[in-house]
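Remarks on the structure that follows.
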Amino acid sequence: MQRGHLQRRALLGGLGALLLSPSTLEAQCGAVANLLHRRLDLERLSRLHVWDDRDVAWRPTRPEERLTAGPPVQVLHLWADWCVPCREEFPLVQKLAQRLAERHRGKARLVCVAEIASNQDMERFLTAQRSRMPQGPYYQDTAELVANELRPFLPGGRWTLPLTLTIDPQRVIRHAIVGALAAHTGELLPICQRLVDLLGT
């Protein structure tokens, strides 16, 4: 019992060091600090819609499809069709999603959450870009539920995309990348590994 407790403390200590390293915070201009350790509103997450290929439309999620029912560790990648950096980095996001699935199937996954309101815009985007994107499901930030929750904690209250959040089983933000992923891809897999390791302690 004591050994497990000490292992958990050691992992948490290492996790904290990774999350709060000065280089990470400096690289993101201090934007990350206000996001870390905030628990996402579970009721809001349960109200996000999901893309239905059969109906070619956004629809409310069934209980088993909700983000709150997903794997314990999740990387939420928020993006929009009008966001040029978002479009450019989808092949990178696709690779990250594949690596998470290979290493931590059932325990961690990457989820795309779109800032796209209309069915027509989402259909048009998928028609042009699906081969470059991770496999679904694709979620919609319905009524900007996530954006409105997080905007006050971003510099100047500005909603910046892409935004990538790693959340733990309690849906607490443990890592955040504001802006393009390219310079920060080396951070995501280690943070997910540490969070998955914590599941067994």
Side-chain angles (χ1 to χ4, degrees), residues 15 18-19 24 28 31-32 35-36 38-40 42 44-46 48-53 58 61-62 64-81 83-116 122 125-126 129-142 145-147 149-150 159-199:
L15 180 62
L18 179 62
L19 293 176
T24 298
Q28 297 194 54
V32 170
L35 291 173
L36 292 180
R38 297 191 178 277
R39 188 173 190 262
L40 293 175
L42 298 183
R44 285 177 186 242
L45 288 181
S46 70
L48 299 187
H49 288 187
V50 68
W51 180 254
D52 191 316
D53 277 320
W58 296 112
T61 52
R62 304 181 184 99
E64 67 276 10
E65 295 173 320
R66 292 172 184 163
L67 289 177
T68 50
V73 177
Q74 298 192 47
V75 178
L76 304 187
H77 182 70
L78 293 106
W79 60 282
D81 53 346
C83 168
V84 174
C86 299
R87 297 197 302 268
E88 290 177 344
E89 70 180 11
F90 262 120
L92 176 59
V93 176
Q94 185 182 62
K95 289 179 182 177
L96 285 169
Q98 289 170 349
R99 292 181 71 183
L100 273 179
E102 291 166 1
R103 292 187 184 188
H104 306 298
R105 187 171 301 279
K107 294 182 178 179
R109 70 169 177 177
L110 186 144
V111 177
C112 290
V113 181
E115 299 287 331
I116 300 180
M122 184 61 173
F125 188 86
L126 288 178
Q129 303 289 340
R130 191 189 287 267
S131 65
R132 304 172 69 245
M133 298 174 66
Q135 293 183 350
Y138 306 117
Y139 291 86
Q140 178 196 48
D141 187 13
T142 312
L145 290 167
V146 178
E149 181 175 1
L150 298 178
W159 184 233
T160 302
L161 294 175
L163 177 63
T164 308
L165 308 173
T166 304
I167 58 176
D168 69 12
Q170 287 71 46
R171 303 315 182 221
V172 174
I173 300 171
R174 296 304 185 187
H175 187 258
I177 297 171
V178 180
L181 277 170
H184 303 282
T185 53
E187 302 167 19
L188 275 175
L189 292 175
I191 197 71
C192 289
Q193 182 66 61
R194 287 176 182 265
L195 289 170
V196 168
D197 288 344
L198 283 171
L199 297 175

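Just so you know, residue 1 is the first one in the sequence shown, and it goes up from there.
Taking CD of Gln129 as the reference point, atom SG of Cys86 lies at 11.5 Å (rounded to 0.5 Å). In this structure, His104 NE2 and Leu199 CG are separated by 10.0 Å, a value rounded to the nearest 0.5 Å. Distance SG/Cys192 to CD/Gln74: 10.5 Å, rounded to 0.5 Å. Within the model, atoms CG of Leu110 and CD of Gln94 stand 11.0 Å from one another, a figure rounded to the nearest 0.5 Å.
Arg62 meets the side chain to side chain donor-acceptor pair (under 3.5 Å) test with Glu65; sequence neighbours excluded. For Gln135, there are no side-chain contact (heavy atoms from CB on, under 4.5 Å) partners two or more places apart in sequence or in a different chain. With sequence neighbours excluded, no residue forms a side chain to side chain donor-acceptor pair (under 3.5 Å) with Arg103. Judged as a salt bridge (charged side-chain N to carboxylate O under 4.0 Å, His left out), and not counting sequence neighbours, Arg38 has no contacts. Applying the side-chain contact (heavy atoms from CB on, under 4.5 Å) rule to Arg66 yields the partners Ser46, Thr61, Pro63, Thr68; only residues at least two apart in sequence or on another chain are considered. Under the side-chain contact (heavy atoms from CB on, under 4.5 Å) criterion, Ala147 pairs with Glu115, Asp141, Glu144, Arg151, Trp159, not counting sequence neighbours. The side chain to side chain donor-acceptor pair (under 3.5 Å) test applied to Asp81 returns no partner, not counting sequence neighbours. With sequence neighbours left out, the side chain to side chain donor-acceptor pair (under 3.5 Å) criterion links Arg39 to no other residue. Residues that satisfy the side-chain contact (heavy atoms from CB on, under 4.5 Å) test with Pro91, not counting sequence neighbours, are Arg132. Judged as a disulfide (SG to SG under 2.5 Å), and not counting sequence neighbours, Cys112 has no contacts.
Under a 3.5 Å cut-off, the side chain of Arg44 and the backbone N or O of Leu145 do form a donor-acceptor pair.
Annotation: salt bridge (Lys or Arg N to Asp or Glu O under 4.0 Å) contacts involving residues 161-172, sequence neighbours excluded, comprise Asp168-Arg174.
Here the side chains of Leu163 and Ile177 are not in contact, with every heavy-atom distance at 4.5 Å or above. Annotation: side chain of Leu188 is in contact with side chain of Thr166 (closest heavy-atom distance under 4.5 Å). Annotation: side chain of Leu100 is not in contact with side chain of Val73 (no heavy-atom distance under 4.5 Å). Contact annotation: the side chain of Leu67 never approaches that of Leu40 to less than 4.5 Å [non-hydrogen atoms, C-beta and beyond]. Between Met122 and Trp58, some side-chain heavy-atom pair lies under the 4.5 Å cut-off. Side chains of Tyr138 and Leu126 form a contact here, defined as non-hydrogen atoms less than 4.5 Å apart.
Here the closest heavy-atom approach between residue Pro72 and residue Gly106 is recorded as CD-O, 3.7 Å.
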side-chain contact (heavy atoms from CB on, under 4.5 Å) assessment of His77 paired with Glu89:
CA-CA 11 Å; His77 182 70; Glu89 70 180 11; 3.3 Å; yes
Walk me through whether Leu165 and Leu150 qualify under side-chain contact (heavy atoms from CB on, under 4.5 Å).
CA-CA 11 Å; Leu165 308 173; Leu150 298 178; 3.5 Å; yes
Step by step, work out the side-chain contact (heavy atoms from CB on, under 4.5 Å) result for Thr164 and Leu76.
CA-CA 6 Å; Thr164 308; Leu76 304 187; over 6 Å; no
With side-chain contact (heavy atoms from CB on, under 4.5 Å) as the criterion, how do Leu78 and Val146 come out once you've worked through the C-alpha distance, each side chain's angles and the decisive distance to 0.1 Å?
CA-CA 9 Å; Leu78 293 106; Val146 178; 3.7 Å; yes
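Taking the six-membered ring where tryptophan is involved, the planes of Trp79 and Phe125 are tilted, since the angle between them lies from 30° to 60°.
For CZ of Arg87, the number of neighbouring non-hydrogen atoms (other residues, nucleotides, ligands) closer than 6.0 Å is greater than 12.
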